[in-house]
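Below is one structure, written out as structure tokens; comments come after it.
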Amino acid sequence: MSGEHVLVCVAWPYANGPLHLGHVAGCYLPPDIQTRFERAKGNKVLLVSGSDEHGTPITVTAETMGIDPQSVVDKYHALNIQALKNLGCVWEPNVDTRGPEYGGALFNRTSDKDHHSIVSENFIKLLDAGLFERKVMQQYYEVRSDGGRFLPDRYVEGICPGCKSEGARGDQCDTCGITYEAHELLSPKSKMNPEADIEIRDTEHLFYRLDVFQKVLEEHSKNQQKVWKANVRAMTKQWLDMGLRPRAVTRDLSWGIPLPLDGDEWLGKCIYVWFEAVQGYYSCAKLWAKRYAKVDDWEKWWKISPDGKKPRHLYFLGKDNIPFHTIIWPSIIMGLNHANKGLDFSTPPSLPGPGELHLEDNVPAMEYLMLAGGQFSKSRKHAIWLPSFLERFDPDTLRYYLSINMPENHDTDFNWPDFVERVNAELIAAYGNFVHRVLTLGNRLPESMPLHSFENLTYCTEEINKLESLHAQITSSLERHRFKEALRFSMNAAQLGNQMLQNATPWTYLNDLTQDGSKESMAKLSFGWRLCRYLAITMQPFLPFSSEKLWKMLGENGKCETQKWYSAIDWDCAAKWNNHDPKPLFNRLDLNEILEQEQELAKISDESNDDPSHNVKGANRKKEGKKMPEGTTHLDFETFTKVELRTGKIIEVKDHDNADKLYVVKINDGSEAGRTICAGLKEYYSPDQMVGKSIVFVANLKPKKLRGILSEGMMLAADNGKGGVTLVTLDGDIEPGSEVR
RNA sequence: AGCGGGAUAGGUUAGCAUGGUUAGACCGACGGGCUCAUAACCCGUAGAUCGAUGGUUCAAAUCCAUCUCCCGCUACCA
């Protein structure tokens with residue numbers, strides 16, 4: 001199909017740090033491939049996404065960096081959009097080169113004022129339709145001279161009303177496991193600021209009536225069973241089976257979109273981020289139309305036309321985001337449709353009809369890309385950052401590796417040896433090398449007899465048939481979002497080219513073109529040019545940079561990315577030639593060199609502060625002086641002596657039955673009974689490695705139950721902040737229980 | 001611990017929802033060929049008790065049960 005309106009929605013990256021390769025493989029590369037493919041097919045694609053810029057984590061980052069939240073999001077928004085562009089993602093130009101009727105792209109941000117007003121408008125619509133429920137909640141409030149603030153449950157602790165143990169959280173006790181209402185907790189304290197007075201205050205919040213949509217979502221889900229991937233089906237079913245309940249859409253929050261409501265009870269409240277950021281898909285389309293096309297043009301991508309013709313909606317996201325896109329967002333869309341029809345909650349909502357906002361056609365959610373077996377993690381600095389990667393490597397090599405290794409069905413792994421291997425042995429050896437063979441062989445012909453003068457397609461019917469069948473397979477795979485498979489088929493075409501050359505041995509005829517068999521052999525070599533052209537077009541969604549390079553080297557005009565998808569198998573198109581010296585499409589990678597570089601980077605990372613953009617071009621690497629880490633204050637000696645450190649010997653290490661990350665460690669502390677300490681060392685030590693070690697522990701720490709087991713102290717361990725943790729052990733023998741000073 | 005997902009040749013994986021061909025592919029290994037090409041290319045060979053056990057069935061990688069290990073979310077990291 002061609003001329004279809006396709007809305008490609010990309011999960012909004014949180015502007016609280018740079019993007020890493022996990023993000024790219026999961027959410028950002030697949031939609032780019034899809035968009036390029038759809039455009040080549042002649043479809044009208046509008047690509048929307050942007051930075052998600054509200055919420056508490058951003059204010060926390062701002063506080064620790066000593067700047068305001070807007071500066072945080074400005075910084076990461078700029079960094080991320082630039083990195084995505086450098087990766088070749090089509091966020092630019094904003095308008096399709098064929099004109100605004102063909103759509104375009106907008107990478108917006110949720111701090112955009114227009115986004116605020118669109119969200120506020122929708123908020124009022126849903127409110128007026130009775131789709132919000134108003135509830136008074138009791139929430140802890142930290143009283144401060146500068147005004148105070150509400151505290152999320154997990155920032156509060158106190159004494160459990162059930163078992164009376166200390167350290168119970170605001171809504172649940174870890175020791176006995178019971179849950180309770182916030183006001184039942186005894187002597188509550190703020191975790192962040194234990195000195196502050198805490199009181200319970202009533203706070204009113206609005207809840208979106210997801211329950212109203214249960215039935216219609218079940219219907220939608222039933223319709224989608226055939227297109228959804230297994231992980232999407234399972235996750236959505238889970239939610240529907242549990243039964244949908246109203247979900248809070250407002251929050252006691254300072255950084256976000258203020259409630260568009262009058263009344264003192266709404267002061268200091270914002271629209272909850274989940275409810276607001278998803279609407280970006282909608283606001284972004286509207287704003288794109290307003291800024292780059294006609295104001296109403298967004299409707300072509302969002303609304304079912306009066307004759308029932310539907311745009312196609314694709315959402316690209318990671319597995320953690322599935323229910324938001326199959327349950328929550330559809331229910332908001334249907335809520336808006338409902339409200340637009342002047343209906344309220346008393347009428348059951350229905351699936352969208354003509355003139356209404358359309359629901360997703362597919363949510364091809366990806367699993368995760370792991371890094372050397374572990375999860376990408378900002379805090380543990382276990383990550384490869386996109387900006388830093390692109391400084392050192394050809395973006396197409398990354399695009400190739402992530403495409404051929406895409407986490408479509410389960411988690412996959414990024415590691416350097418595999419990256420180098422696949423780039424060298426597949427991308428370069430098969431594809432790059434075939435292209436280079438054709439171009440260098442062709443280049444050796446005399447100028448009076450250019451390659452295409454030898455063309456004779458009657459010798460190439462077998463190749464033509466195979467290429468056409470491969471083209472159909474690539475197309476079908478891409479239509480079903482099977483990226484790995486599609487790229488593999490394209491690579492098969494390159495392999496076919498190598499086979500063809502191998503059998504035709506054109507190099508044996510170059511010196512004497514009058515030999516027997518020369519005509520056929522040279523016809524094959526000449527067909528090699530067409531095969532390169534085919535490859536440039538079919539590889540373009542995956543490898544846009546090298547495709548453009550190849551396009552020029554083939555002597556073609558214009559840009560490869562604007563070529564028609566089916567032109568790849570148009571054997572009638574005029575053959576051309578470019579007599580410049582051919583250059584290899586890619587450069588080989590050297591694993592040892594890369595590993596050395598990595599070590600260098602790791603060193604720099606150790607020395608720098610904990611700003612993960614350290615190895616990013618243009619990021620400020622200054623102020624690495626000897627200044628104390630943020631928040632450090634000097635301690636007077638007396639206070640220090642209050643800490644009682646003692647030596648002990650580990651005599652037994654067992655798993656904690658009720659916690660994944662904890663060991664229960666028995667220590668000989670010189671006393672007869674010994675003592676028990678819970679320690680979060682599972683990630684770093686096996687029990688065998690620990691038993692017998694002489695360690696240092698804090699002896700007079702207030703004992704505390706950790707998921708049911710009393711921990712009497714804390715072992716000292718060194719933590720380098722990026723995943724390395726080592727116990728502090730003793731140099732020589734000394735009896736357990738000796739004081740350390 | 002609660003919930004969800006996964007396990008297929010040395011590595012990466014397709015197939016599994018709708019049981020039924022010799023379980024398909026890429027990389028690597030091994031043997032041979034080629035010498036145009038970036039230590040590249042081509043041909044061939046070996047390599048899989050489809051995580052384990054039991055069950056349903058004429059038939060199970062595919063469905064069911066139990067178990068083991070991995071991943072994610074949530075909790076926990078004194």
ask   = Separation of A:Tyr400 atom OH from B:U38 atom P, in whole Å?
value = 20 Å
key: Distance in angstrom units between A:Asp413 CG and B:G6 P, rounded   = 19 Å
task = Report the base-pairing partner of B:G4 (Watson-Crick or G-U wobble, both distances below 3.5 angstrom), or none.
result = B:C71
note = Pairing partner of B:A65, by Watson-Crick or G-U wobble and under 3.5 Å for both distances, is B:U53
ask   = Less than 3.5 Å between a donor and an acceptor, one on the side chain of A:Arg488 and one on the base of B:A25, is that the case here?
value = no
task = Determine the Euclidean distance between corresponding P atoms of B:A60 and B:G51; express it in Å to zero decimal places.
result = 15 Å
message = Closest approach to the side chain of A:Gln502, judged atom by atom: which nucleotide of B:A37, B:G11, B:C41 is it?
response = B:C41
key: A:Glu463/A:Arg530 ion pair, N-O < 4.0 Å   = no
message = Taking the C1' atom in each of B:C34 and B:A39, what is the distance between them to the nearest angstrom?
response = 15 Å
ask   = Which whole-number value in Å describes the distance from A:Leu501 CG to B:A40 C1'?
value = 13 Å
inquiry  = Given A:Tyr368, which partner from the list A:Asp320, A:Asp411, A:Asp413 fulfils the side chain to side chain donor-acceptor pair (under 3.5 Å) test?
reply    = A:Asp320
task = Find the partner of B:U35: check Watson-Crick (N1-N3 plus N6-O4 or O6-N4) and G-U wobble (N1-O2, O6-N3) distances, both under 3.5 Å, and reply none if neither fits.
result = none
query = Does A:Asn492 place a side-chain N or O at less than 4.0 Å from the phosphate oxygens OP1/OP2 of B:A25?
reply = no
ask   = Whom does B:C77 pair with, Watson-Crick or G-U wobble, provided both distances fall under 3.5 Å?
value = none
task = When you get a sec, tell me which of B:G72, B:G11, B:A14 is the closest nucleotide to the side chain of A:Arg482?
result = B:A14
request  = Please report the closest heavy-atom contact between A:Phe542 and A:Asp396, naming both atoms and the distance.
outcome  = O-OD1, 4.5 Å
task = Would you mind telling me which of B:G72, B:A37, B:U12 lies closest to the side-chain atoms of A:Tyr368?
result = B:G72
message = At 4.0 Å (heavy atoms only), tell me whether A:Leu585 reaches a base, stays on the sugar-phosphate, or touches nothing.
response = base
message = When you compare the side chain of A:Arg646 with that of A:Asp669, does any pair of heavy atoms fall below 4.5 Å?
response = no
key: Gap in Å between the two P atoms, one belonging to B:G44 and one to B:A25, rounded   = 11 Å
key: B:A37 phosphate, OP1 or OP2, under 4.0 Å from A:Arg588 side-chain N/O   = no
ask   = When all nucleic acid strands are considered with a 4.0 Å heavy-atom cut-off, which category describes A:Asp411: base, sugar-phosphate, or nothing?
value = sugar-phosphate
ask   = If you look at every strand shown and take non-hydrogen atoms under 4.0 Å, does A:Ala234 touch a base, only sugar-phosphate, or nothing?
value = sugar-phosphate
query = Quantified in whole Å, what is the C1' atom distance between nucleotide B:G15 and nucleotide B:U21?
reply = 13 Å
note = A:Asn405 atom CG is separated from B:G11 atom P, nearest whole Å, by 15 Å
task = May I ask you to evaluate whether A:His410 reaches the phosphate of B:C16, defined as a side-chain N or O under 4.0 Å from OP1 or OP2?
result = no
query = Whom does B:A40 pair with, Watson-Crick or G-U wobble, provided both distances fall under 3.5 Å?
reply = none
inquiry  = At 4.0 Å (heavy atoms only), tell me whether A:Arg233 reaches a base, stays on the sugar-phosphate, or touches nothing.
reply    = base
Under 3.5 Å on both distances, the Watson-Crick or G-U partner of B:A60 = none
ask   = With a 4.0 Å cut-off on heavy atoms, is A:Asn409 in touch with a base, just the backbone sugar-phosphate, or nothing at all?
value = sugar-phosphate
query = Looking at the rings of A:Tyr401 and A:Phe414, which for Trp means the six-membered one, are their centres under 6.0 Å apart?
reply = yes
message = Rounded to whole Å, how long is the line connecting atom CH2 of A:Trp416 with atom P of B:U12?
response = 18 Å
key: Minimum-distance nucleotide to A:Met370 side chain [options: B:C41, B:C36, B:C71]   = B:C71
ask   = Can you tell me how far C1' in B:C63 sits from the matching atom in B:C50, rounded to whole Å?
value = 16 Å
task = On the 0 to 90° scale, with breaks at 30° and 60°, tag the A:His481-A:Phe316 ring pair as parallel, tilted or perpendicular.
result = perpendicular
ask   = From B:C36, B:C27, B:C42, pick the nucleotide closest to the side chain of A:Gln499?
value = B:C42
query = Which comes earlier along RNA chain B counting from the 5' end, the contact point of A:Ala230 or that of A:Met714, where each point is its nearest nucleotide?
reply = A:Ala230
message = Can you check the distance between B:A40 and B:C30, where both ends of the measurement are the P atom (answer in whole Å)?
response = 13 Å
Contact nearer the 5' end of RNA chain B, comparing A:Leu441 with A:Met235 = A:Met235
task = Send over the distance from A:Asn433 CG to B:U35 P, rounded to a whole Å.
result = 16 Å
Check: A:Phe393 ring centre within less than 6.0 Å of A:Phe419 ring centre = yes
ask   = Which whole-number value in Å describes the distance from A:His436 NE2 to B:A40 C1'?
value = 10 Å
request  = Can you tell me the distance, in whole Å, between the CD atom of A:Gln473 and the P atom of B:G24?
outcome  = 16 Å
ask   = Which part of the nucleic acid, if any, lies within reach of A:Thr412 when heavy atoms closer than 4.0 Å are counted: base, sugar-phosphate only, or nothing?
value = sugar-phosphate
ask   = Is any side-chain N or O of A:Arg437 under 3.5 Å from a base N or O of B:C36, one able to act as donor and the other as acceptor?
value = yes
remark   = Scanning all shown strands, the Watson-Crick or wobble mate of B:C16 with both distances under 3.5 Å is none
Proximity to the side chain of A:Glu421 - top-ranked nucleotide from B:U13, B:C27, B:A78 = B:C27
request  = Could you tell me whether A:Asn231 contacts a base, only the sugar-phosphate backbone, or nothing, with contacts defined as non-hydrogen atoms closer than 4.0 Å?
outcome  = nothing
request  = With a 3.5 angstrom cut-off on both distances, give the Watson-Crick or G-U wobble partner of B:U45, or none if there isn't one.
outcome  = B:A29
ask   = Rounded to the nearest 0.5 Å, what separation is found between the NZ atom of A:Lys552 and the OG atom of A:Ser547?
value = 11.0 Å
key: Worked check of side chain to side chain contact (heavy atoms under 4.5 Å, CB included) between A:Met553 and A:Leu585   = CA-CA 10 Å; A:Met553 290 197 287; A:Leu585 275 185; 3.5 Å; yes
inquiry  = Suppose you measure atom P in B:U74 against the same atom in B:A14; what distance do you get, rounded to whole Å?
reply    = 26 Å
task = Take atom P in B:A9 and the same atom in B:U66, then report the distance between them in whole Å.
result = 25 Å
query = For A:Phe434, which contact category applies under a 4.0 Å heavy-atom criterion: base, sugar-phosphate, or nothing?
reply = nothing
